[in-house]
Every structure is written in C-alpha cells, then in structure tokens.
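Starting from 1, each residue takes its place in the sequence as its number.
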Amino acid sequence: MSPQELNLFVAATANALYETLPPERLAVLAAVMVQLGDTLAAMAAQAAFLGKE
C-alpha cells in the first residue's frame, strides 16, 4: 500500500466512523487510537535503541 493509499484509507475510515458513531464514542475511540499510536511508537523506539531493528 502506497503512502497515498494509506492516507486515503485512514481518511475514509475516519469519515465512516464519524457517520456511524455518536460524538461521545468518537472521543473515546480517538483517545484510544492516540494511546495505541504513542505506545507503538515508544516500543519501536526502544527496540531500535536496544539494537533490535
């Protein structure tokens, strides 16, 4: 998947979720996704730091 295709996929997913979920659930889902992204980034950085990449 190219970077452009990935961008379109993420935007389409966000639009679909926006149309189907109430604002309160969207807020929780957004917070969970931010935490997931931050955790994955921290794990990848630590693995690189330890020379596992």
Say whether, by atom type as modelled, one donor and one acceptor occur between the side chain of Q46 and the main chain of M43 under 3.5 angstrom.
no

Is there a chain of hydrophobic side chains (I, L, V, M, F, W, Y, each step under 4.5 Å between heavy atoms) that links V34 to L40?
no

Side-chain donor/acceptor of N7 to backbone N/O of P3, under 3.5 Å:
no

May I ask whether M1 and V10 are part of the same hydrophobic cluster, defined by side-chain heavy atoms of I, L, V, M, F, W, Y residues being less than 4.5 angstrom apart, directly or through others?
yes

Decide whether L17 and V28 are clustered together by the hydrophobic rule: side chain heavy atoms of Ile, Leu, Val, Met, Phe, Trp, Tyr closer than 4.5 Å, transitively.
no

Starting at CG of D38, measure out to CE of M33 and round the result to the nearest 0.5 Å.
13.0 Å

Find the distance between CG (N15) and CG (L8) and round it off to the nearest 0.5 Å.
10.5 Å

When you group the ILVMFWY residues by side-chain heavy-atom contacts below 4.5 Å and let the links chain together, are L21 and Y18 in the same group?
yes

